[in-house]
Amino acid sequence: MRLSSMTDYAVVIMSAAARHCGTCSLIEQAGGKRARISAAQLAAETGLPAPTVQKLVSKLSAAGLMRSSRGVGGGLRLARPPATISLADIVEAVEGPIALTACIDRVKSDCTLDSCCNVKGHWPQVNAAVRGALAQVALTQLVEEV
């Protein structure tokens, strides 16, 4: 299994945003505002093309992981503290539900073995295990130095 480049880039973007956000919840509790960053700054910092960053920011915002605001003091910020955002959240924002096979999706599945497959019933358990593993990795872990 390999994640798409766009998903990899989304993780890079979210990690960069988290570095700028710092301890967001502590800042907000103290009456301050969360740090913001622009899409152009994210592109420059990550080395990703600006159109790619903008496309991914749109997906991440639609998934409730980022928020944007316009005007003076505007920009992008994480929608919630980085400790509450998991790698699974980011992957699902770009890829959709985590599923290793398409056969469990009744709408999209065109498997010729569907009527006689003895494995199909086991895939939800496998998918849940993969999602569970990704959910155990918080965004805060991804910004730590290795």
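Residue numbers run from 1 in the order of the sequence given. Just so it is clear, the structure is predicted and the values come from calculations on it, not from any experiment.
Applying the side chain to side chain contact (heavy atoms under 4.5 Å, CB included) test between I13 and each of L65, I37, I90, L42 identifies L42 as the sole match. Partner H20 forms a side-chain hydrogen bond (donor to acceptor under 3.5 Å, both in side chains) with one of Q41, R36, E45 and no other, that one being E45.
The hydrophobic clustering, which links ILVMFWY residues whose side-chain heavy atoms are closer than 4.5 Å, places L139 and L3 together. Hydrophobic clustering of Ile, Leu, Val, Met, Phe, Trp and Tyr side chains at less than 4.5 Å, counting indirect connections, keeps V143 apart from L87. Note on W123: it clusters hydrophobically with V91, by side-chain heavy-atom contacts below 4.5 Å among ILVMFWY residues. Linking ILVMFWY residues whenever their side-chain heavy atoms come closer than 4.5 Å, directly or via other members, places L134 and Y9 in the same cluster.
D8 and S5 share no side-chain donor-acceptor pair at under 3.5 Å.
For the atom pair R80 CZ and I85 CD1, the distance stands at 5.0 Å (nearest 0.5 Å). To the nearest 0.5 Å, the span separating OG on S58 from CE on M66 amounts to 11.5 Å. For the atom pair OG (S15) and CD (Q141), the distance works out to 11.0 Å, reported to the nearest 0.5 Å. In this structure, the separation between CZ on R131 and OG on S86 is 5.5 Å, given to the nearest 0.5 Å.
Counting heavy atoms from C-beta outward, M6 and T52 have side chains that approach closer than 4.5 Å. The shortest side-chain heavy-atom distance between M14 and L78 falls under the 4.5 Å cut-off.
Contact record, V53 with A39: CG1-O, 3.7 Å, taken as the closest heavy-atom pair. In terms of heavy-atom proximity, A138 sits nearest to A83 at CB-O, 3.8 Å. Of all heavy-atom pairs between A93 and K59, the closest is O-CB, 4.1 Å. Closest approach of S68 to L76, counting heavy atoms only: CB-CD2, 3.5 Å. Contact between D89 and T84 at its shortest, heavy atoms only, is OD2-O, 3.8 Å. The nearest pair of heavy atoms linking V94 to A10 is CG2-CB, 3.5 Å.
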